[in-house]
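Structure first, then comments.
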Amino acid sequence: MSGVVIIGTGLAGYTVAREFRKLDQETRLTLVTADDGAFYSKPMLSNAFAANKDADALINQPAEIMAQQLDARIVTHRRVVAIDTTVRTVVLDDGETLPYDRLVLAVGADPIRLSYAGDGVDAVRSVNNRLDYARFREAIEGVDRVAIIGPGLIGCEFANDLRGSGREVHVIGPDNWPLGRLVPEAAGNALRRGLEEAGIRFHLETVVERIDRDGSGFRLTLANGETLEAGAVLSAVGLRPDVRLAREAGLETDRGVVVDRTLAASVPGVYALGDCAQVAGLVLPFVMPIMHAARALAKTLAGDPAEVRYPAMPVVVKTPAHPVVVSPPVPGAPGEWQAEPVGDGVRALYRDGERLHGFVLTGEEAVKEKQALAKQVPAVL
Ligand SMILES: Cc1cc2nc3c(=O)[nH]c(=O)nc-3n(C[C@H](O)[C@H](O)[C@H](O)COP(=O)(O)OP(=O)(O)OC[C@H]3O[C@@H](n4cnc5c(N)ncnc54)[C@H](O)[C@@H]3O)c2cc1C
């Protein structure tokens with residue numbers, strides 16, 4: 001048997017490896033990663049500035065220790081460039097070919113890049129891994145004003161974090177309120193107020209048109225005619241599952257790599273989980289779905305086929321200036337949002353008659369209701 005090969009050492013790759021090893025200590029296990037293979041918690045990337053942690057301080061275990069703990073070969077700084085599902089091999093960028101018996105795609109997602117006019121465009125950064133974070137820290141050294149494009153979850157988290165490091169922060173985006181795609185108006189505006197009180201400036205219902213170099217910094221021109229000076233520009237406009245390898249290998253892809261509830265792709269012996277995967281129609285780029293998927297997939301890989309179940313999985317938005325918890329209704333769920341004030345925040349419930357399908361809690365007072373409400377929300381899958 002050529003064993004299990006996992007592409008990716010993010011939370012998805014490492015968690016499925018760890019869960020698999022609990023069930024099977026014999027089968028050969030290989031992980032391949034384009035980065036250094038250090039195990040770290042990606043959510044920490046957006047609350048590390050205020051804690052004054054550099055990229056190395058975020059490492060929990062280096063690749064060598066992970067290899068020992070998992071009794072696995074971990075191939076670092078190598079990219080898988082092709083998968084041959086007929087002979088069951090993966091091809092690495094240095095020409096090495098690894099045979100697999102079962103293959104797991106855990107390759108994550110890529111930041112979406114928007115295009116702008118101007119000569120400052122190449123300076124726009126995104127932070128989706130530890131190396132990005134290291135580079136961004138360097139880029140904002142000595143910078144006292146940062147522009148963030150994208151008032152979504154990750155943009156708001158970085159805004160709060162960078163503000164916590166003492167910088168002036170401006171957030172720009174077309175939405176009518178922060179977290180516009182996730183939460184109803186009253187909740188978004190409560191978050192906006194909280195972040196504004198912390199000193200963050202929003203430029204909403206508009207988009208960035210130009211980014212020009214201006215001395216040592218940049219000048220952003222917005223569609224509403226405003227201009228804004230900033231020493232660094234961070235883009236946080238969303239992520240797109242990385243489906244390239246899968247598509248080129250002839251696997252079915254849609255918004256993500258298409259897998260069923262056993263995390264199986266359209267070709268036998270291949271599985272996917274994490275940010276790259278579309279599990280029974282759902283693309284959920286968060287930690288909790290990865291934990292549930294990893295446990296189910298580990299069983300399947302160990303010869304005991306299992307389906308993933310997702311309970312309600314509220315997402316905690318890391319905006320300490322105004323905490324938010326979101327449990328979005330599944331797409332197409334019947335009902336509507338109703339919001340009421342609680343303390344300095346909001347409780348918004350998505351209900352169909354008496355049935356609760358989702359909720360948003362904002363502010364110190366309201367977020368305490370997270371556990372109680374999560375119990376009332378039906379399972380996602
Ligand atoms: C700033 C930020 C904050 C977040 N905060 C939260 C939060 O508070 N709560 C929450 O639930 N979620 C949060 N998330 C989302 C969560 O972090 C992700 O869902 C999760 O980390 C994704 O893990 P992954 O293993 O699927 O992907 P990744 O961590 O992206 O791992 C992908 C791996 O694949 C490797 N790879 C890719 N292509 C190749 C290739 N061709 N060959 C070899 N290796 C390859 C990469 O090197 C990497 O090791 C946050 C995300 C970000 C960016």
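Starting from 1, each residue takes its place in the sequence as its number. Just follow the structure's listing: the first ligand is 1, and inside any ligand the first atom is 1.
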Please confirm whether the ring centroid of Tyr133 lies under 6.0 Å from the ring centroid of Phe49.
yes
Near Ala106, which atoms of ligand 1 are under 4.0 Å from a heavy atom of that residue?
32 (C), 33 (C), 34 (O)
Ser2 OG to Leu103 CG distance, which is reported to the nearest 0.5 Å:
11.0 Å
With a cutoff of 4.0 Å, is Phe158 in contact with ligand 1, counting heavy atoms of the residue only?
yes
With backbone taken as N, CA, C and O and side chain as the heavy atoms from C-beta onward, which portion of Val81 lies under 4.0 Å from ligand 1: side chain, backbone, both, or neither?
neither
As a check for students: among Ala34, Gly13, Ser126, identify the option with a heavy atom nearest to atom 45 (C) of ligand 1.
Ala34
Can you confirm, on distance only, whether ligand 1 has an N/O atom lying under 3.5 Å from any N/O atom belonging to Leu239?
no
Quick one: nearest non-hydrogen protein atom to atom 27 (O) of ligand 1, plus distance?
Gly108 CA, 3.4 Å
What residue and atom, counting heavy atoms only, is the protein's closest point to atom 2 (C) of ligand 1, and at what distance?
Ile154 CD1, 3.8 Å
Nearest protein heavy atom with distance in Å, relative to atom 3 (C) of ligand 1:
Ser46 OG, 3.3 Å
In terms of residue, atom name and distance, what is the protein heavy atom nearest to atom 47 (O) of ligand 1?
Thr33 OG1, 2.9 Å
Is a side-chain donor or acceptor of Asp24 paired with a backbone partner of Thr27 at a separation under 3.5 angstrom?
yes
Please confirm whether Arg18 makes a cation-pi placement over Phe39, using NZ or CZ under 6.0 Å from the six-membered ring centre and within 45° of the ring normal.
yes
heavy-atom search around atom 48 (C) of ligand 1 in the protein gives Asp35 OD2, 3.7 Å
Evaluate Leu11 for polar contact with ligand 1, using N/O atom pairs at a separation under 3.5 Å.
yes
What residue and atom, counting heavy atoms only, is the protein's closest point to atom 20 (C) of ligand 1, and at what distance?
Ile290 CD1, 3.7 Å
Below 4.5 Å, heavy atoms only, C-beta onward: do Leu114 and Ile112 meet side chain to side chain?
yes
Nearest protein heavy atom with distance in Å, relative to atom 5 (N) of ligand 1:
Lys318 NZ, 2.9 Å
Tyr40 versus ligand 1: do any nitrogen or oxygen atoms come within less than 3.5 Å of each other?
no
Look at atom 41 (N) of ligand 1 and say which protein heavy atom is nearest, naming residue and atom and giving the distance to 0.1 Å.
Val80 O, 3.1 Å
Heavy atom of Arg244, distance to ligand 1 below 4.0 Å:
no
Would you say Val315 touches ligand 1, if touching means a heavy atom closer than 4.0 Å?
no
Side-chain donor/acceptor of Arg88 to backbone N/O of Asp101, under 3.5 Å
yes
Heavy-atom nearest neighbour of atom 21 (O) of ligand 1 within options Glu157, Arg79, Lys42:
Lys42
